[in-house]
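Have a look at the structure below before the remarks.
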2 protein chains.
Amino acid sequence: MPNEIFLTMSISMLNTALEARVQAFEAQVNLSRHDIKVLMHLTEPKRMGALAEDLQVLPSTLTAVADRLEQNGLLQRTRDRQDRRAWLLEVTDAGSTLQARARAMATEGFRTLTGLDTAEIETFVNLMQKAMNNMTAESCLVEVKP
Amino acid sequence: MPNEIFLTMSISMLNTALEARVQAFEAQVNLSRHDIKVLMHLTEPKRMGALAEDLQVLPSTLTAVADRLEQNGLLQRTRDRQDRRAWLLEVTDAGSTLQARARAMATEGFRTLTGLDTAEIETFVNLMQKAMNNMTAESCLVEVKP
DNA sequence: AAAAAATGTTTCATTTAGCGAACTAAATTC
DNA sequence: GAATTTAGTTCGCTAAATGAAACATTTTTT
């Protein structure tokens, strides 16, 4: 099996396992794992469109998610002063608290699941940083559009 | 941001991007990307239950997928001689051909998307091998069950 | 040996998540 | 100023997954 295929399949399986581990947390915070994932991507205030791009979904997909997170007091929508069509999504204090809990859980989960040590994790980070840079700089993502 | 969080998010984004690249192929072969993913996991004959475990879904999820792949002549179901309740899924010649095409496409896609060179890919494989071994040996996957 | 429990897969109703066209309002282009 | 494009929402639709129940078979218990 070519290395790239092994990696593609392994990445998928690891991703699935990491997402599955969010299951217990879902019940605790009354959010779906997709909602949690969206919240975790809000490391800074972002426009709906930019967030959709990050997550590679259509903006219409995020409307309901933003509604739920807003209703749960975890984020707030504010108009972008530079373009009154646009909304900025910003995490609230409650949202930050939840993000911190989710990060702690995910950090521990990642280690438990993969069994990688600190040096290996740093190597992994270097590889993924290069991959992420390549994905964005080269604009070789498949653009999500209708 | 802790390394583990960066990795968790990057793995998710890379996985999404890899899956998105299957889109053109879907139209060519008249299968959904989920069907293609299931087919690609059949590197050897497997039981429905084992395949479900690999993919971390319930067996009921795979019934319709197996139906479509069988109807397309890409796999066949045979009874497991060791347990007549169980079905073995085995890729047909046509299925192997499609797998080969998908592998070629995914191999090229992986390189293009990540920009990683051969040495980096080998490092990545070592890390992922350790992670996969840990995931299965430690039985620390969240068991998928109703 | 018979009965009970467990397992493997399917069926089918339900839920969830995403798409995509159409819409409104705002910005940009001509 | 008018036409075109963009940002996000609405809403109908589809696909994918769950999960309980059913059936057949196997395994375990009595």
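Proteins get letters first, then strands, A, B, ... in listed order; numbering begins at 1 in each.
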Next item on the list: Tell me whether B:Ile121 is reachable from A:Leu116 by hopping between hydrophobic residues (I, L, V, M, F, W, Y) whose side-chain heavy atoms are closer than 4.5 Å.
Entry: yes

Next item on the list: Answer yes or no: is there a donor N or O on one side and an acceptor on the other, between the side chain of A:Arg77 and the main chain of A:Leu89, under 3.5 Å?
Entry: no

Margin query: Output the rounded distance in Å from CG (B:Leu58) to P (C:dA13).
Written below: 18 Å

Next item on the list: Please indicate whether B:Glu70 has more than 12 foreign heavy atoms, meaning atoms of other residues, nucleotides or ligands, lying under 6.0 Å from its CD.
Entry: yes

Notebook entry, point to check: What is the distance from CD of A:Gln56 to C1' of C:dA17, rounded to the nearest Å?
Noted result: 16 Å

Margin query: Once salt bridge (charged side-chain N to carboxylate O under 4.0 Å, His left out) is applied, do any residues pair with B:Arg85, and if so which ones, sequence neighbours excluded?
Written below: B:Asp83

Checklist line | Protein-nucleotide distance (B:Gln82, atom CD; D:dA24, atom C1'), rounded to Å | finding: 18 Å

Checklist line | First encountered from the 5' end of DNA chain C, between A:Arg84 and A:Val65 | finding: A:Val65

Next item on the list: Could you tell me whether B:Glu120 atom CD has more than 12 heavy atoms of other residues or ligands within 6.0 Å of it?
Entry: yes

Notebook entry, point to check: Once each nucleotide of nucleotides 4-16 of chain D is scored for protein heavy atoms under 4.0 Å, what B/S/- sequence comes out, 5' to 3'?
Noted result: --BSSBB-----S

Next item on the list: Can you sort out the partners of B:Glu26 under salt bridge (charged side-chain N to carboxylate O under 4.0 Å, His left out), two or more places apart, ordered by chain and number?
Entry: B:Arg33

Checklist line | Distance, rounded to the nearest Å, where A:Glu19 contributes CD and C:dT16 contributes P | finding: 17 Å

Notebook entry, point to check: Atom CD of B:Glu53 and atom P of D:dA17: how far apart are they, to the nearest Å?
Noted result: 17 Å

Next item on the list: Could you tell me the separation between the CG atom of B:Leu89 and the C1' atom of C:dT10, rounded to a whole number of Å?
Entry: 13 Å

Check: Quick one: B:Leu55 CG to C:dT9 C1', roughly how many Å, whole number?
Finding: 16 Å

